[in-house]
Amino acid sequence: MNQNNIIRKQFPIFEKKLNNNNLIYFDNAASSQKPECVINKISDYYKYEYSNVHRGIHSLSQISTDKFEQTRSAVKEFINANSTQEIIFTKGTTESINLVASSWSDIFLNEGDEIIISTLEHHANIVPWQIVCKKKKATLKIIPIDENGYINLQDVKNLISKKTKFISLIHISNVIGIETPIIEIIKLAHKANAQILIDGAQAVSHKKIDVQKLNCDFYCFSAHKMYGPTGVGILFGKKKILEKMSPYQTGGEMIKEVSFKETTFNDLPFKFETGTPNITGIIALKESIDFINSIGFEYIQQHEKELLEFLINKLTKFPYIKILGGNNKNKNSIVSFNMKKIHHYDAGSFLNNFGIALRTGHLCAQPLMNRYNIPGTIRISFAIYNNFEEIEFFIQSLKKIKKLFQ
Amino acid sequence: MNQNNIIRKQFPIFEKKLNNNNLIYFDNAASSQKPECVINKISDYYKYEYSNVHRGIHSLSQISTDKFEQTRSAVKEFINANSTQEIIFTKGTTESINLVASSWSDIFLNEGDEIIISTLEHHANIVPWQIVCKKKKATLKIIPIDENGYINLQDVKNLISKKTKFISLIHISNVIGIETPIIEIIKLAHKANAQILIDGAQAVSHKKIDVQKLNCDFYCFSAHKMYGPTGVGILFGKKKILEKMSPYQTGGEMIKEVSFKETTFNDLPFKFETGTPNITGIIALKESIDFINSIGFEYIQQHEKELLEFLINKLTKFPYIKILGGNNKNKNSIVSFNMKKIHHYDAGSFLNNFGIALRTGHLCAQPLMNRYNIPGTIRISFAIYNNFEEIEFFIQSLKKIKKLFQ
Amino acid sequence: MKINNIQDEIINDFSLFDNWMDKYNYLIELSKDIILIPKSKKIDENLIKGCQSKVWLFAEYKNNKLYFSGDSDAIITKGIISLLISIFNNQSCDDILNSEIYFIKKIGLNEHLSMNRSNGLISMIKQIKIYALAFKNRIQ
Amino acid sequence: MKINNIQDEIINDFSLFDNWMDKYNYLIELSKDIILIPKSKKIDENLIKGCQSKVWLFAEYKNNKLYFSGDSDAIITKGIISLLISIFNNQSCDDILNSEIYFIKKIGLNEHLSMNRSNGLISMIKQIKIYALAFKNRIQ
Ligand SMILES: Cc1ncc(COP(=O)(O)O)c(C=O)c1O
Ligand SMILES: Cc1ncc(COP(=O)(O)O)c(C=O)c1O
């Protein structure tokens with residue numbers, strides 16, 4: 001058995017048929033499937049060790065707390081943060097961004113200031129900034145892209161001014177799969193004394209992230225897109241910035257002392273974590289990090305690159321197919337395309353009947369759709385368990401659909 | 001086998017030993033254990049059906065969406081809401097309260113207004129209101145309690161004025177287990193044109209809740225305290241109020257249309273749900289509701305009442321034990337007490353070594369501790385799987401501890 | 001014909017095909033029979049929100065009956081809206097308001113058609129009922 | 001004596017007991033031997049935050065060495081802080097800063113003592129090191 005088969009065997013879902021076909025799961029950018037080790041961790045923990053964390057003195061609570069904090073250490077290592085105090089657990093990338101938009105802006109954003117995002121952003125990295133700019137009478141500026149989806153650094157320089165206080169930027173586009181020049185833009189931000197958040201939802205399971213090397217101020221991602229459980233997100237933030245920010249949600253755990261007169265808040269990371277957390281999800285996240293580490297990013301990148309090149313080579317042979325962002329291969333495990341005269345919804349519905357699960361529509365990036373002047377698109381997104389036969393079957397299915405609609 | 005044993009057998013954790021003793025789990029108010037059906041639901045769903053919800057056109061996504069929405073219907077039935085549009089999924093009671101504090105106040109709270117809470121509140125129902133009152137220059141008023149923990153309705157009437165806009169009240173105290181007179185206070189609130197939230201975290205797994213009968217404007221609770229998964233909370237809100245409130249967190253799913261010029265928001269309940277939700281947790285919540293329903297509140301109330309009376313009868317025999325809120329039996333599955341001259345932390349540590357898991361400390365209710373002039377307490381909280389032998393063993397353990405400290 | 005009779009007829013028609021591909025082909029055929037919305041009515045106002053594909057739907061009230069026309073940019077959606085129009089056309093407001101749509105499940109396409117918000121079937125039926133309610137209120 | 005020698009001695013002492021109950025009893029005995037904080041120093045300023053029980057800790061600097069005294073309202077916590085004081089008393093700032101506390105795990109109580117924030121062991125060690133750092137900076 002080759003490595004891909006060994007990996008694939010660890011995902012129980014592929015024992016399943018979808019509409020009488022073998023399941024081909026190409027919807028990984030929406031959420032990835034879970035390996036057995038992650039699923040077993042969840043049941044074993046609930047079965048034999050479950051308890052609430054942090055506040056308990058009994059052994060169950062101590063064990064849970066230890067495991068909970070072990071995940072925090074694992075995340076810290078995974079993205080090479082400086083300290084576990086910089087790792088905040090949230091419920092997803094969306095909440096991570098909302099937290100920063102709210103708690104950072106409360107302290108640092110003033111009337112007349114400017115925030116910069118790009119045309120490539122997911123709604124989760126647009127709407128919170130629109131809201132906060134409206135509230136604070138600040139201005140939201142948009143980095144344009146060219147037809148291939150590229151950001152021209154000169155455009156960024158032109159947008160940055162003394163008023164720029166924050167940049168919030170997608171790392172890898174969830175629609176066209178290209179990587180933005182974050183290294184350069186992080187430098188530009190800091191040169192202008194602005195802070196910068198990177199939305200790494202589509203990056204973190206595909207390439208090694210080193211937040212110290214990147215030197216970004218914030219980095220966020222979701223566990224469910226990295227072979228992990230639902231309901232868990234991560235916010236990395238530099239300690240000295242997080243310390244200055246306002247608390248976000250408040251209640252138990254994030255406080256030091258509560259009285260009706262005055263309440264004082266806890267130290268990092270707890271200042272930003274209130275209420276009973278998604279204990280089981282967070283404990284299981286460590287398992288998915290271990291899983292990714294056991295495969296290694298070298299193999300992951302190599303395999304996903306091969307899949308992508310294989311797919312693009314096939315797709316570019318069809319004259320009736322237009323790949324969003326062009327035929328170049330600078331795409332990271334994500335390709336979106338449209339078929340001439342066949343609506344993306346029709347194509348997606350037929351593909352589903354062939355057992356192929358993928359996503360169609362605006363992909364939570366309507367401004368990007370507007371940029372390309374399309375109502376929606378068809379997206380294929382890979383994970384490590386995908387293989388060449390699946391792509392081959394997909395291409396054959398596309399041909400059948402084309403025939404049907406003639 | 002009696003009914004209690006049959007129920008108990010469904011919880012795998014009781015196969016476990018704690019510090020070489022049989023596990024006695026008396027920390028249910030912090031979080032309850034999970035029955036096998038809930039745990040299996042989680043693994044089966046991850047193993048064979050997993051996918052993201054709402055936006056997908058493929059069958060996996062459709063199945064997930066159906067199940068996800070089935071939980072919403074189950075919750076609606078469970079608390080007898082008027083419509084599924086009134087059921088919002090959050091990550092816990094704490095987030096539910098924070099959501100209301102933020103999104104309700106944004107529209108309805110003005111300078112000089114007053115909000116009322118009680119001395120019995122959990123920090124989650126104190127701090128968010130402190131923050132919002134500070135921000136909006138409103139005043140937070142506190143309903144006092146008597147030595148037994150009771151609220152005198154005359155005190156509430158005295159506090160209510162034309163300035164009162166909101167009351168936020170615990171349903172059952174997480175420290176002394178008494179039920180507050182919510183029916184009367186809801187009526188008082190409405191008579192004063194104020195709106196009212198009930199924090200039902202400690203009520204919902206112990207007694208039947210009917211939000212239409214109660215006529216409260218908001219009701220919140222957490223899945224993890226009702227034999228369900230971690231990371232899932234519920235906010236019930238009356239539709240016509242929720243509709244007027246500001247969105248809370250923003251991003252994908254909760255929008256109708258996004259452009260860089262203008263963003264419009266989705267209808268209820270989606271307006272308040274953004275980002276990928278805790279899909280698996282929410283799907284599994286239905287299983288725990290079905291589990292509770294299969295036992296029925298009649299049995300639950302009867303059994304938990306018997307446990308409580310048995311415990312109180314035993315405890316009141318010890319002259320060196322003082323029960324918080326007095327020896328009366330109007331407590332709902334929760335009893336807190338202190339031992340003369342033995343610190344709650346010492347007692348809890350010893351009990352842990354006897355295999356008894358319970359909670360000590362301020363129990364996230366420091367203002368209530370201040371009211372009773374104690375630094376902390378020892379809490380026993382029951383669930384349906386607890387039994388009389390456990391209480392017997394606990395009482396014997398208390399006696400041993402007393403001896404040790406003499 | 002009554003709403004349920006039409007639904008039953010549709011179910012019967014589809015029962016002739018035993019695989020989804022043939023059913024889809026038939027749906028594509030049906031899309032061509034749609035009572036097409038007049039060009040002048042194909043405006044944003046008559047667009048149904050909450051669909052991945054665009055769906056236009058227009059209604060007129062004549063002789064106590066409702067008359068629908070529509071269109072979509074996706075063929076499958078057009079087939080579905082065409083079926084819905086054939087069911088609800090020439091019916092009274094009350095009959096429409098009291099109706100229950102069961103044919104989708106019965107023709108065995110609901111595993112294949114996304115019943116959730118992405119195809120907007122629910123939005124379409126809702127819009128049809130909103131029209132019925134609006135005209136009913138207007139005449140009362 | 002060096003910090004690690006004292007830790008080793010403690011580990012040795014505890015190894016004489018083979019069940020947790022005896023170990024706890026010994027810890028209770030040790031709580032009575034604590035170098036008690038002077039009454040005048042038992043103030044909020046010397047209170048360690050983050051413990052379920054109250055812990056007071058005070059430090060003085062004499063002849064290049066640190067001298068600790070403390071107290072707690074819970075007996076087990078008092079036993080622990082008593083042990084910590086016996087380890088860190090009469091040590092230099094540098095030795096304290098460079099030390100690693102391993103005895104808790106070795107005496108086999110860590111499954112029984114909550115190592116998390118509720119007993120504040122971590123806060124206690126942190127506070128001792130903060131004292132060491134403060135005095136070190138002051139003399140430099
Ligand atoms: C009365 C009450 N309110 C709120 C909460 C907070 O619930 P959660 O931690 O699930 O957000 C709790 C639980 O600790 C509680 O007992
Ligand atoms: C680039 C990007 N940002 C943010 C998100 C939102 O992530 P989540 O839904 O997990 O909050 C997604 C996922 O859809 C994404 O692809």
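If you're wondering where the values come from, they're calculated on a predicted model, not measured in any experiment. In what follows, chains are A, B, ... by sequence order, proteins preceding strands, each numbered from 1.
- From M21(C), atom CE reaches atom CZ of F354(A) across 3.5 Å, with rounding to the nearest 0.5 Å.
- Heavy-atom neighbours of K129(C) NZ from other residues, nucleotides or ligands within 6.0 Å: above the threshold of 12.
- Atom CD1 in I76(C) sits 6.0 Å away from atom OH in Y345(A) (nearest 0.5 Å).
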TODO: May I have the step-by-step check of side-chain contact (heavy atoms from CB on, under 4.5 Å) for Y24(C) and S349(A), ending in yes or no?
DONE: CA-CA 10 Å; Y24(C) 262 53; S349(A) 299; 3.8 Å; yes

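- Here D346(A) contributes atom CG and S31(C) contributes atom OG; the two are 8.5 Å apart, rounded to the nearest 0.5 Å.
- Open room surrounds NZ on K54(C); 12 or fewer heavy atoms of other groups in view lie less than 6.0 Å from it.
- For F350(A), the parts sitting under 4.5 Å from any heavy atom of chain C are the backbone and the side chain alike.
- Atom CG of N5(C) has more than 12 neighbouring heavy atoms from other residues, nucleotides or ligands inside a 6.0 Å radius.
- Residues H343(A) and I75(C) form no side-chain contact, since every pair of their non-hydrogen atoms from C-beta on lies 4.5 Å or further apart.
- The part of I28(C) that comes within reach of chain A is its side chain, from C-beta onward, which places non-hydrogen atoms under 4.5 angstrom from that chain.
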